[in-house]
Amino acid sequence: MSLSEITARIAKACDAAGRDAASVRLIAVSKVQPPERVRAVLDEGHRIFGENRVQEAASKWPGFREAYEGVELHIIGPLQSNKVRQAMELSQAIHSVDRPKIAETIARIADETGACPQLFLQVNTGEEPQKAGVLPAEADAFVARCRALSLPVAGLMCIPPVEEEASLHFALLAKIAARNGLEGLSMGMSGDFEKAISFGATHVRVGSAIFGQRETI
Ligand SMILES: *Cc1c(COP(=O)(O)O)cnc(C)c1O
């Protein structure tokens with residue numbers, strides 16, 4: 001599938017949901033993709049990309065940024081404390097703020113540097129033990145904690161369990177965001193971004209549908 005097909009599908013999903021197509025941002029998830037595939041998407045004019053590993057982002061994106069103007073990089077994968085500073089330097093948004101300790105580290109570095117990417121707080125809507133994010137019952141307190149730290153909280157993010165109906169998780173995330181006065185909803189991937197849009201997604205994270213299957217690492 002190509003970038004323009006995905007863009008067309010997003011526009012159609014927005015239309016069906018009575019939403020403006022400009023209200024959904026497409027994050028092209030370029031993790032593990034060979035540079036020539038990423039370059040092809042840059043050459044088509046796309047500028048918003050997502051990476052789930054800070055190390056990989058650091059090795060790829062400074063070069064692409066030099067070659068292409070206006071690149072916006074979103075970090076979407078779990079963060080270790082010792083990678084937070086680098087993630088903040090590299091990115092315009094972090095979607096995987098998944099625990100108070102990371103929020104505190106971000107706040108400390110933001111105080112020091114005077115700059116902070118947009119933040120999305122990750123909620124483990126499926127309450128899966130192996131998955132990052134705060135539990136739904138802890139989400140309101142986590143939002144409040146991040147606001148108390150003066151962090152720029154743009155919204156919430158979730159990754160539904162693979163074997164469950166994603167709609168329930170998208171609806172839950174939207175409900176938690178609404179009651180906390182948050183507009184940003186980072187949800188929806190290659191298999192379910194249209195559904196996510198119908199539940200209010202503002203940022204969809206689409207990888208394999210744009211770039212083709214990833215070779216596993
Ligand atoms: C890899 C990844 C995606 C994209 O997944 P696809 O199924 O390839 O679209 C989205 N979100 C996160 C957090 C990811 O790690």
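Computation of the quantities below employed the complete heavy-atom set of this structure, encompassing side-chain atoms and omitting hydrogens, waters and symmetry-equivalent molecules. Counting starts at 1 for both ligands and their atoms, following the listed order.
Ion pairing of Glu56 with Arg53 is absent here, as no side-chain N (NZ or NE/NH1/NH2) approaches a carboxylate O to less than 4.0 Å.
Glu128 and Ile159 get closest at one heavy-atom pair: OE1-O, 4.2 Å. In terms of heavy atoms, Val97 sits closest to Phe142 at O-CE2, 3.5 Å.
In this structure, the separation between CD1 on Ile176 and OG1 on Thr125 is 8.0 Å, given to the nearest 0.5 Å. The line from CG of Leu121 to CD1 of Ile102 is 12.5 Å long, rounded to the nearest 0.5 Å.
Heavy-atom proximity to Val206, at under 4.0 Å, picks out these atoms of ligand 1: 9 (O). Every atom of ligand 1 with a heavy atom of Arg205 under 4.0 Å away is listed here by number and element: 4 (C), 9 (O), 10 (C), 11 (N), 12 (C), 13 (C). Listed by number with element, the atoms of ligand 1 under 4.0 angstrom from any heavy atom of Gly207 are 4 (C), 6 (P), 8 (O), 9 (O). In summary, the atoms of ligand 1 found under 4.0 Å from a heavy atom of Ile159, numbered by their order in the structure, are 13 (C).
Closest to atom 10 (C) of ligand 1, if we only count protein heavy atoms, is Met189 SD, 3.2 Å. When hydrogens are left out, the protein atom nearest atom 15 (O) of ligand 1 is Lys31 NZ, 2.7 Å; that is the closest non-hydrogen contact. In this structure, atom 9 (O) of ligand 1 lies nearest to the protein heavy atom Ser190 OG, 2.5 Å. Distance from atom 13 (C) of ligand 1 to its nearest protein heavy atom, with residue and atom name: Ile76 O, 3.5 Å.
Just one residue in the list His74, His95, His203, Arg25 forms a side chain to side chain donor-acceptor pair (under 3.5 Å) with Ser186, and that residue is His95.
Contacts with ligand 1 closer than 4.0 Å are made by no heavy atom of His95, backbone or side chain.
A donor-acceptor pair under 3.5 Å is formed between the side chain of Glu5 and the backbone N or O of Ser2.
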